[in-house]
**Student:** 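Pasting a structure here, questions to come.
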Amino acid sequence: MQITRGGNWKIPSSRPPQVSSAAGGASLDFVREPMQAAILLHHPLRLKILAALLEPDSATGVARRMKLPRQTVNYHVQELARAGLLARTGRRRRRHLFEQYYTATARGYVLSPELLGNLAADPAKVAETFSAEYLLGLASKLQSELARSAELAAAGGKRLTTFSMNTELRFASSEQRAAFTQELQRAIVEVAAKHSSPFTKTDASELEGRPFRLVVGCYPIPPAKDAETQPQPSGK
């Protein structure tokens with residue numbers, strides 16, 4: 001079982017000689033602006049170029065590694081830099097010219113549900129609360145709220161307080177799964193009642209303290225992709 005509290009998203013980045021790393025490069029970044037998402041997804045080559053620039057390099061260096069025309073790679077690099085997905089990280093001299101080096105602004109990116117506007121998944125629009133659609137809606141809401149909270153915390157120079165739990169379970173029967181669900185629900189209610197305050201007063205006004213959202217989800221783990229292509233035994 002993996003449990004994390006708080007967390008510092010800054011990670012150290014390696015750099016080649018004479019080339020500085022991107023200042024403030026985060027481990028994860030949220031893509032919330034439509035312009036950013038459009039530029040990133042406009043051409044499939046841009047995802048490959050961004051992945052190739054997790055470590056500092058020039059457009060010429062990426063073109064050489066990917067065996068592509070330098071002009072083509074340079075165009076996409078400029079577009080990614082314009083969207084704020086690549087940062088300048090110094091220059092290196094090659095022969096009589098200087099090559100501009102870039103690096104990705106994060107090690108990974110999350111597309112915010114807000115990009116879909118009113119079409120974003122909303123758990124409030126799903127009637128069946130025990131369905132996969134409802135859990136997906138909760139995941140979408142979590143992403144949207146967490147992105148906004150992280151942005152506000154960063155703007156205020158504060159560390160965002162978080163808690164997460166990640167583990168894998170196996171149930172031999174539906175009865176075992178149901179018993180686990182009931183006991184887990186009872187335990188969470190008891191702990192919440194003991195260690196937290198009511199969310200609102202009886203008149204629906206807010207109490208003092210900072211509100212948090214707790215989401216607990218459980219779903220079947222999908223098979224590995226290589227296993228999906230294997231023939232399944234009959235009756236499974």
Side-chain angles (χ1 to χ4, degrees), residues 2 4-13 20-57 59 62 73-89 100-126 132-166 206 210-217 219:
Q2 181 178 349
T4 58
R5 296 182 180 88
N8 184 355
W9 288 5
K10 305 296 183 183
I11 62 172
S13 58
S20 61
S21 63
S27 58
L28 283 179
D29 195 10
F30 295 94
V31 178
R32 301 182 63 191
E33 297 298 326
M35 181 273 289
Q36 273 190 313
I39 288 179
L40 177 61
L41 302 176
H42 176 73
H43 195 288
L45 186 57
R46 291 180 184 173
L47 290 174
K48 297 179 180 180
I49 291 175
L50 192 60
L53 287 170
L54 290 177
E55 300 297 337
D57 201 353
V62 173
V73 173
N74 186 63
Y75 168 74
H76 291 302
V77 164
Q78 295 303 319
E79 288 294 291
L80 290 169
R82 183 168 68 89
L85 298 168
L86 289 177
R88 292 172 178 261
T89 53
Q100 178 64 58
Y101 272 63
Y102 297 87
T103 190
T105 55
R107 308 297 294 186
Y109 298 86
V110 178
L111 294 176
S112 173
E114 294 177 350
L115 293 168
L116 296 175
N118 293 332
L119 295 177
D122 184 355
K125 298 178 182 178
V126 181
E133 288 79 8
Y134 185 80
L135 184 54
L136 284 170
L138 278 178
S140 175
K141 187 178 186 69
L142 183 151
Q143 276 190 314
S144 181
E145 290 182 339
L146 185 57
R148 191 162 65 252
S149 295
E151 187 178 81
L152 292 173
K158 298 180 179 179
R159 177 180 175 180
L160 186 64
T161 303
T162 62
F163 172 88
S164 60
M165 179 182 298
N166 178 27
E206 292 187 358
R210 186 173 185 180
F212 283 76
R213 185 182 303 282
L214 172 65
V215 177
V216 178
Y219 54 89

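Predicted model only: the values in this text are computed from it and were never measured.
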**Student:** Working to the nearest 0.5 angstrom, can you tell me the gap between Thr103 OG1 and Leu50 CG?
**Tutor:**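 Atom-to-atom, Thr103:OG1 and Leu50:CG are 9.0 Å apart.
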**Student:** If every non-hydrogen atom of Lys141 is compared with every non-hydrogen atom of Pro123, which pair is closest and at what distance?
**Tutor:** CD-CG, 4.1 Å
**Student:** Can you give me the closest heavy-atom contact between Glu114 and Ser144, atom names plus distance?
**Tutor:** OE2-OG, 3.0 Å
**Student:** Report the C-alpha separation of Leu160 and Leu146 in whole Å, then their side-chain angles, then the decisive distance to 0.1 Å, and conclude whether the side-chain contact (heavy atoms from CB on, under 4.5 Å) test is met.
**Tutor:** CA-CA 9 Å; Leu160 186 64; Leu146 185 57; 3.7 Å; yes
**Student:** Between OH of Tyr102 and CD of Gln78, what distance do you get to the nearest 0.5 Å?
**Tutor:** 4.0 Å
**Student:** Closest heavy-atom contact between Val31 and Ala37?
**Tutor:** CG1-N, 3.7 Å
**Student:** So, Arg107 side chain and Leu54 main chain: donor-acceptor pair closer than 3.5 Å or not?
**Tutor:**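 Here the side-chain-to-backbone pair exists.
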**Student:** If I compare all heavy atoms of Ala121 with all of Ser140, which pair ends up nearest, and what's the gap?
**Tutor:** O-OG, 3.2 Å
**Student:** Quick one: do Ile39 and Arg46 satisfy side-chain contact (heavy atoms from CB on, under 4.5 Å)? Show the steps, please.
**Tutor:** CA-CA 8 Å; Ile39 288 179; Arg46 291 180 184 173; 3.7 Å; yes
**Student:** For Glu151, is there an ion pair with Arg148 - N to carboxylate O distance below 4.0 angstrom?
**Tutor:** no
**Student:** Which value, rounded to the nearest 0.5 Å, describes the distance between Gln36 atom CD and Leu111 atom CG?
**Tutor:**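 Gln36 atom CD to Leu111 atom CG measures 10.0 Å (nearest 0.5 Å).
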**Student:** I need the His76 NE2 to Leu86 CG distance, nearest 0.5 Å.
**Tutor:** 12.5 Å
**Student:** With rounding to the nearest 0.5 Å, note down the distance linking CZ in Arg213 to OG in Ser149.
**Tutor:** 10.0 Å
**Student:** For Leu85, does its backbone N or O pair with a side-chain atom of Tyr109 as donor and acceptor, under 3.5 Å?
**Tutor:** yes
**Student:** Can a donor-acceptor pair be found, under 3.5 Å and without considering hydrogens, that links the side chain of Arg88 to the backbone of Gln100?
**Tutor:** no
**Student:** Just how far is it from atom CD of Glu33 to atom CG of Leu40, taken to the nearest 0.5 Å?
**Tutor:** 13.5 Å
**Student:** Which pair of heavy atoms, one from Val62 and one from Asp57, lies closest together, and at what distance?
**Tutor:**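 So the minimum-distance heavy-atom pair works out to N-OD2, 3.7 Å.
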**Student:** State, to 0.1 Å, how close Leu115 and Pro34 come at their nearest heavy-atom pair, and which atoms those are.
**Tutor:**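 It is CD2-N, 3.6 Å.
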**Student:** Look at the side chain of Gln143 and the backbone N and O of Ser112, then say whether any donor-acceptor pair between them is shorter than 3.5 Å.
**Tutor:** no
